[in-house]
Structures are given as structure tokens and as C-alpha cells.
Amino acid sequence: MRTGRANRRQFMAMAGAAALIGSGRFSAASAQAGYDLVIKGGRVIDPAAGVDTLSDLAISGGRIAAIHPEIVPGAARVLDAEGKLVVPGLIDIHTHGTIDPTSAALMLADGVTGWIEAGWQGAETVEQGIAALQDVPQKAGLLLNIGRKGVTIGTGETKDLDLADVEAARAAIAANREYVVGVKARLSQSITSDHDLEVLRRAIAATEPFGIPVMIHMGATHSPLGALLDLMRPGDIVTHIFAPPPHAIVDDAGMIIPEARAARERGVIFDWGHGTREHVVWDIAQAAVDQGFLPDTLSSDWTVSGFEAGLVAMPTVMSGALSLGIELNDVIAMATCNAAAAFPLFEGLGTLAEGSSADVAVMELHEGEFEFGDTQGTMRAAVQRLANHATVLRGEIVVPDHF
Ligand SMILES: [Zn+2]
């Protein structure tokens with residue numbers, strides 16, 4: 001289990017050693033037996049396939065080969081998962097994993113096998129983000145900030161409306177289709193001043209030739225949330241859905257605003273986006289869940305500093321969702337198949353279906369007394385906590401038990 005921030009060099013050395021063990025020692029024998037790795041005795045949960053069963057899971061050639069109650073490993077490497085959850089590798093659609101080079105390894109240690117850099121870079125700085133993505137082991141893409149200079153000029157990237165530059169964004173997307181999977185528009189008044197609607201219109205315009213989504217950062221906007229949501233299309237994403245007022249997802253009486261239900265009805269995706277400041281209020285999250293308005297996806301809004309503060313890690317966000325009374329299988333779905341469905345980049349991922357890439361998180365569900373913080377400093381008591389135990393990426397154990 002994680003005891004703190006792993007030193008990147010130590011971590012990569014251990015991950016590398018694990019990969020060598022996985023690919024070297026057993027490969028000849030397992031070729032005969034058919035399996036490279038068998039994850040034994042866990043509770044296999046694959047919401048995409050409706051699977052929740054005590055079972056073994058076999059991996060061969062980097063792909064899921066079988067899920068069966070009793071798989072004879074033969075010469076395959078065995079990963080003991082007794083008492084643990086065996087779930088698809090987690091997918092985090094809102095991170096800032098390109099800022100610090102330690103991010104990818106730290107996320108991998110938390111079971112994250114796919115992630116999105118959500119809008120740090122704009123058209124003028126996109127190359128930096130793409131360069132960072134070259135080195136990461138996971139499947140990863142980025143959302144281009146509609147602000148031409150991204151967040152490199154500090155928060156407030158579209159205060160000057162001229163910086164919300166449709167043509168520059170389109171050119172940057174066209175030149176980097178492999179990596180740019182959408183456009184990000186951060187719409188708080190502190191970022192856009194009073195022209196949030198126009199910034200959103202421009203973000204949408206930038207995506208139109210490419211058929212890719214926009215993700216908006218809601219909360220403390222100039223315009224009412226409903227006016228922003230009314231512009232959004234199926235497949236567009238709202239992040240920070242439990243942000244505090246003004247212009248929260250609930251009205252003054254604590255009721256979900258009708259425009260949010262209408263947006264969901266037409267296929268707009270509602271994403272948790274935990275972060276560290278002004279993004280999650282437990283009372284709002286609980287009110288939404290109590291009214292049946294659950295997030296579609298869970299995401300961390302990952303940064304190194306947020307991770308070190310104990311706020312942003314996918315298992316922590318998932319634990320917070322459990323504490324609201326969301327069912328375990330739904331929590332897993334929000335962090336795997338639902339997230340994968342948000343971007344074609346993750347097509348075929350977020351599931352343990354036979355033949356799919358063997359990206360697996362082996363997690364522990366601890367029972368006890370825990371507490372989790374929202375971003376207003378309010379702690380919430382909980383009786384369960386999820387933690388990652390091991391990560392398998394394309395069939396290799398990349399995160400061992402002890403590191
Ligand atoms: Zn963010």
C-alpha cells in the first residue's frame with residue numbers, strides 16, 4: 001500500500017524489475033501452458049459485461065484470455081487476489097498528468113491505466129503537453145485549452161477574449177489528431193470574466209470540424225449553469241459537477257436544476273473532477289445522489305500537489321463516491337467503462353472482456369473508520385476505503401505489492 005509519494009527513480013526501478021519478472025522468467029513455459037499470468041481468487045467486477053463473481057482471470061499475450069472459477073496456472077505467473085477486487089484498469093478523464101514527470105508513475109501505482117490531460121496547454125503550448133505524453137506508459141491524450149496560451153499564463157487564460165482563438169485551436173488539433181481528444185473551456189468568472197458563454201461557443205466551434213467533445217469546468221461562473229448547459233452537445237463533458245455556488249448544479253433549495261437533467265437526457269456527460277479547491281461540496285454531492293443524479297464518471301483532477309495533500313487519487317475519489325451511498329459496481333463503472341466511453345482513445349478499454357487489453361487494477365476494499373475531505377475542508381466519515389494493490393498494464397505487472 002502507498003505510504004507516501006514514491007521517489008520516481010525508485011518507483012520506476014521497481015516497476016521495471018516487475019516487468020522483467022513478468023516477461024522473462026516464465027515466458028517460455030507459459031507459451032506452452034497458454035497463459036502468461038493468472039490472477040487467482042479475486043472478486044472480478046467488470047460492469048461493462050455485468051460480471052461480479054469470485055473467479056480467476058488469465059492473461060495471455062497482453063490480453064484477457066479467460067475468466068473462470070478455477071484456472072490451472074501451469075507455468076504462468078500467479079498474482080494472488082484472494083480477498084481483493086479485480087477490476088478493469090482505472091481511467092481518469094480529468095488529470096494534469098503532463099505537468100510533472102512523476103505523475104504517470106504515481107497514477108499507475110493507484111491503478112490508473114488510462115488518463116486525459118484536461119486542458120493545461122493551449123494552441124501555443126500544445127507541443128509541451130504532447131512531449132510529456134510520449135514518455136508515459138499508459139494510454140493518454142489531452143484536451144486543448146481554448147485559451148491559446150493555456151494555463152501557462154496563470155488562471156485567467158480567457159479573460160482576454162481574443163485568447164479564445166478558434167482558428168489557432170483548430171490548427172493545433174489538426175496537427176495533433178493522435179493526441180488531442182477534445183477541447184477544454186474553464187468557465188469560472190475568475191478565468192473568463194463575464195464572457196463565459198462566448199468562450200464556450202468558441203470552444204464548441206473549435207471542435208466542430210473534428211467531431212471531438214468539449215469539457216467545461218463549471219462552478220462560480222458569470223452565467224447561470226443552465227445557460228451554459230443549454231449550449232452543450234451529446235458527448236460534451238461537464239467537470240466539477242459538485243462545485244459550490246454561485247451557479248451550482250443544485251438550486252437554492254438543493255434541487256438539481258432542470259437544465260442539468262435535460263442535458264443528461266441528451267447525452268451530456270457529468271464528471272466528478274475532485275481537485276483541491278472549490279470543486280466538490282459533500283452536501284451538494286449527497287443532495288445530487290439522493291435525487292438520483294449520479295456522476296457518469298469519476299475523475300481526480302490530478303496534480304502532484306493535490307496527490308500529496310491526500311485529495312486527488314482515483315481510489316480516494318472512488319472511496320468518496322462509496323461514502324455517498326453509490327453502489328460499488330456503479331463506482332467501478334464510473335471509473336472504468338463509463339470513462340472509457342467518453343473518448344474513442346479508450347475504445348476497447350475499461351473492461352475485462354475476453355480479448356481486450358489486459359489492463360487490470362487489483363484493489364482492496366477496506367472496512368473500518370475513515371474520512372474523506374471535500375475541497376472546502378469538510379471531512380466526511382466513511383466505513384469503506386478503496387486502495388490499489390497491484391496494477392497490470394497490457395499483461396505486465398507494473399505495480400507490485402510492495403513499493
Ligand atoms: Zn483540472
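Because only heavy atoms are used, hydrogens play no part in the values below, and waters and symmetry mates are left out as well, while side chains stay in. As the structure lists them, so they are numbered: ligands from 1, and atoms in each ligand from 1. In this text the structure is predicted, and so the values were computed from the model without any measurement.
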Please find out if the Zn ion (ligand 1) and some N, O or S atom of His217 are separated by less than 2.8 Å.
-> no
For the residue pair His96 and His94, does the interplanar ring angle fall in the parallel (under 30°), tilted (30 to 60°) or perpendicular (over 60°) class?
-> perpendicular
Quick one: report the N, O or S atom of Asp301 that is nearest to the Zn ion (ligand 1).
-> OD1
Answer yes if the side chains of Thr207 and Arg170 hold a donor-acceptor pair under 3.5 Å, and no otherwise.
-> no
Just wondering, is there an N, O or S atom on His96 that's nearer than 2.8 Å to the Zn ion (ligand 1)?
-> yes
Residues Lys149 and Glu157 bridged, charged N to O under 4.0 Å = no
Flag yes if more than 12 heavy atoms outside Arg277 fall under 6.0 Å of its CZ atom; otherwise flag no.
-> no
